[in-house]
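Numbered from 1 within each chain, the chains take letters A, B, ... in sequence-line order.
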Amino acid sequence: QISLAAELRSCSTVKDLTRAKKIHQAILRNNQHRKDRYLNNLVIETYGKCGSLAEACHAFDSPFCSPNVFSWTIMVTAFAENGKLEEAKRAFDSMPEKNIVSWNSIIAAFAREGRLEVAKGMFEAMPVHDLVSWNSMVTAFSRARKLDSTRLLFDSMPEWDVVACTGMLHAFGEAGDFANAQRLFEGMAEWNAASCNAVIAGLTSSGKLEEARKVFDTMMSEVVENDPQRETLLPERNLVTWNSMMAAYSQAGKLEEAKVLFDRMRSRNIVSWNSILQAYAQAGCIEELEQLFELMPERNVVSFTCLLQAYADNGLLLQAKRLFDRMPDRNVVSWTTMFQAYTQNGDLEQAKLIFNAMPERSVVSWNSMVATECASGHPAKAKGVFDAMPEWD
RNA sequence: ACAUUACCCAAUGA
């Protein structure tokens with residue numbers, strides 16, 4: 001039972017639906033296990049994490065499952081994580097009983113999608129708040145780059161932990177308010193890698209590479225565990241720390257520095273690989289970029305978009321379109337990149353075809369369209385697009 | 001024993 005649980009958890013981590021189903025079958029074959037609520041809940045959760053809402057619902061509706069508040073909350077999260085926010089809300093509303101975690105889950109779901117007003121409404125409607133409720137709101141506003149609201153929320157909190165502070169640090173960093181970031185950082189009761197990483201990312205977004213590197217260098221490396229300076233150092237670096245610092249160099253076109261870090265890393269994930277791709281892209285090394293793209297262990301929509309953008313920057317429209325057509329997934333960023341590939345290379349016709357075909361448009365897509373009409377001497381058309389554009393926050 | 005929150009990669013602009 002313990003090992004079954006561990007197996008299911010590992011399926012969640014690697015999103016292995018096939019193995020999850022096998023384990024589920026094994027559970028169903030055992031009279032004890034199949035009515036075990038703990039295991040049933042874990043099965044539902046695992047299906048959700050593996051992207052199969054159908055299986056999750058099926059397990060939830062099974063006669064062997066007598067749902068408790070955990071099961072319901074897991075369903076809410078499963079719907080939300082698979083893009084079914086309205087279903088999540090419906091599940092939440094039909095819960096026979098709710099606890100604070102159920103409330104926090106639905107708030108986090110809306111917050112994650114940027115539905116700040118809904119999240120705020122539910123936050124105000126819930127009977128009691130805990131740190132997680134507050135933190136979810138702080139990070140939602142922080143991610144939406146609403147510095148003032150983030151600050152108001154943060155200042156209204158009854159108590160703070162490192163998660164709350166990291167959210168606030170992120171907001172200050174994005175806004176370039178380093179004085180406040182520093183003040184907050186120095187006053188924190190404890191630091192961990194995430195809070196330091198937020199500082200590195202904030203400095204990076206304003207191009208303060210040297211400052212970011214100082215923080216990076218002051219964090220503990222794996223090597224200095226018995227260093228006499230240990231007490232004076234910040235917490236130990238993790239994978240995100242390395243990725244953040246490398247991304248700083250990549251975005252700045254500092255290929256050599258990025259490569260050095262990439263080679264020094266003890267472990268890498270797809271974000272590390274995408275960052276090094278970007279380093280080559282920014283340095284204009286298209287051939288190496290293509291080689292790396294083929295060679296990397298896995299690719300996601302970010303990897304494809306990075307190469308797509310590089311093609312566009314180098315006027316390689318045919319390659320760009322060919323790549324776009326063979327992308328396994330496209331999101332609003334990749335669509336907008338393809339759109340801009342055409343506008344930046346003067347092909348308004350194709351650009352408009354893409355724009356009209358886009359399944360979803362972001363504020364960036366609309367801004368680009370307006371800018372394109374302006375740049376091509378069509379102020380009246382630009383105004384038309386501007387008027388057609390929805391209002392954003 | 002099981003559910004909820006923070007930090008890293010790609011598109012426009014400041």
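In this structure, A:T337 reaches the sugar-phosphate backbone alone: every heavy-atom distance under 4.0 Å involves primed, P, OP1 or OP2 atoms, never a base. No contact: A:R268 has no heavy atom under 4.0 Å from any strand. Among the protein residues, A:R299 comes within range of no part of the nucleic acid, since none of its heavy atoms lies under 4.0 Å from any strand. Base engagement by A:T336 is indicated by at least one non-hydrogen atom pair under 4.0 Å involving a base atom. Nucleic acid contact class of A:S334 (heavy atoms, under 4.0 Å, all strands): none. A:R112 comes within 4.0 angstrom of sugar-phosphate atoms only, judged by non-hydrogen atoms across all strands, and of no base. When heavy atoms are screened at a 4.0 angstrom cut-off, A:T166 is found touching base atoms of the nucleic acid. Contacts of A:D161 with the nucleic acid, taken as non-hydrogen atoms under 4.0 Å apart, are absent. Nucleic acid contact class of A:T305 (heavy atoms, under 4.0 Å, all strands): base. As judged by a 4.0 angstrom heavy-atom cut-off over every strand, A:A198 is placed among residues touching the sugar-phosphate backbone only.
For A:W103 and A:F92, the gap between ring centers is short of 6.0 Å. Annotation: A:F70 is not in aromatic contact with A:Y38 [ring centroid separation under 6.0 Å not met]. Checked against the 6.0 Å centroid criterion, the rings of A:W134 and A:F123 qualify as a close aromatic pair. If you look at A:W191 and A:F185, their ring centroids are closer than 6.0 Å.
Contact of A:N104 with B:rA3 (side chain to base): no donor-acceptor pair of N or O atoms is detected under 3.5 Å.
Considering only side-chain atoms of A:Q251, the nucleotide from B:rG13, B:rA3, B:rA10 that sits closest is B:rA10. Among the nucleotides B:rC7, B:rA10, B:rU4, the one closest to the side chain of A:T77 is B:rU4. Considering only side-chain atoms of A:V132, the nucleotide from B:rC9, B:rU12, B:rU4 that sits closest is B:rU4. Ranking B:rU12, B:rA1, B:rA3 by closeness to the A:N367 side chain, first place goes to B:rU12. For A:N331, whose side chain is taken as the heavy atoms from C-beta onward, the closest listed nucleotide among B:rC9, B:rA10, B:rU4 is B:rA10. In this structure, the nucleotide among B:rG13, B:rA3, B:rA6 sitting nearest to the side chain of A:R145 is B:rG13. For A:A201, the side-chain atoms get nearest to B:rC7 when compared with the rest of B:rC9, B:rC2, B:rC7. With B:rA3, B:rC2, B:rU5 as the candidates, the nucleotide lying closest to the side chain of A:N68 is B:rC2. The side chain of A:N192 has B:rA6 as its nearest neighbour among B:rU4, B:rA6, B:rC7. With B:rC8, B:rG13, B:rA6 as the choices, the nucleotide that has an atom nearest any side-chain atom of A:A247 turns out to be B:rC8.
Stacking of A:R330 on the aromatic ring of A:F324 is recorded, both the 6.0 Å distance cut-off and the 45° axial limit being met. With A:F216 as the aromatic partner, A:R237 meets the cation-pi criteria of under 6.0 angstrom to the ring centre and within 45 degrees of the ring axis.
Between the P atom of B:rC8 and the CE atom of A:M265 lies a distance of 15 Å, rounded to the nearest Å. Between the P atom of B:rA3 and the CE atom of A:M75 lies a distance of 16 Å, rounded to the nearest Å. Taking atom CE of residue A:M95 and atom C1' of nucleotide B:rU4, one finds them 11 Å apart after rounding to whole Å. The CE-C1' distance, from A:M219 to B:rC8, rounds to 12 Å in whole Å. Taking atom CE on A:M358 and atom P on B:rU12, their separation rounds to 13 Å, with Å as the unit. The distance between atom CG of A:L42 and atom P of B:rA1, rounded to the nearest whole Å, is 14 Å. Between the CH2 atom of A:W273 and the C1' atom of B:rC9 there is a distance of 14 Å, rounded to whole Å. What separates CD1 of A:I200 from P of B:rC8 is a distance of 11 Å, to the nearest Å.
Consecutive pairing runs in RNA chain B never reach the stem threshold, where a stem means at least three Watson-Crick or G-U wobble pairs with distances under 3.5 Å.
Centre separation under 5.5 Å together with a plane angle under 30° holds for the ring of A:F70 and the six-membered base ring of B:rC2, marking them as stacked.
Put simply, A:R37 has no side-chain N or O that comes within less than 4.0 Å of OP1 or OP2 on B:rA1.
Side-chain atoms of A:S66 and A:R37, non-hydrogen and from C-beta on, do get closer than 4.5 Å to each other.
Note on A:M265: it clusters hydrophobically with A:M296, by side-chain heavy-atom contacts below 4.5 Å among ILVMFWY residues.
Judged purely by atom type and a 3.5 angstrom limit, A:S62 has no side-chain atom pairing as donor or acceptor with the backbone of A:H58. Although no hydrogens or angles enter the test, the distance criterion places a donor-acceptor pair under 3.5 Å between the side chain of A:N300 and the main chain of A:S303.
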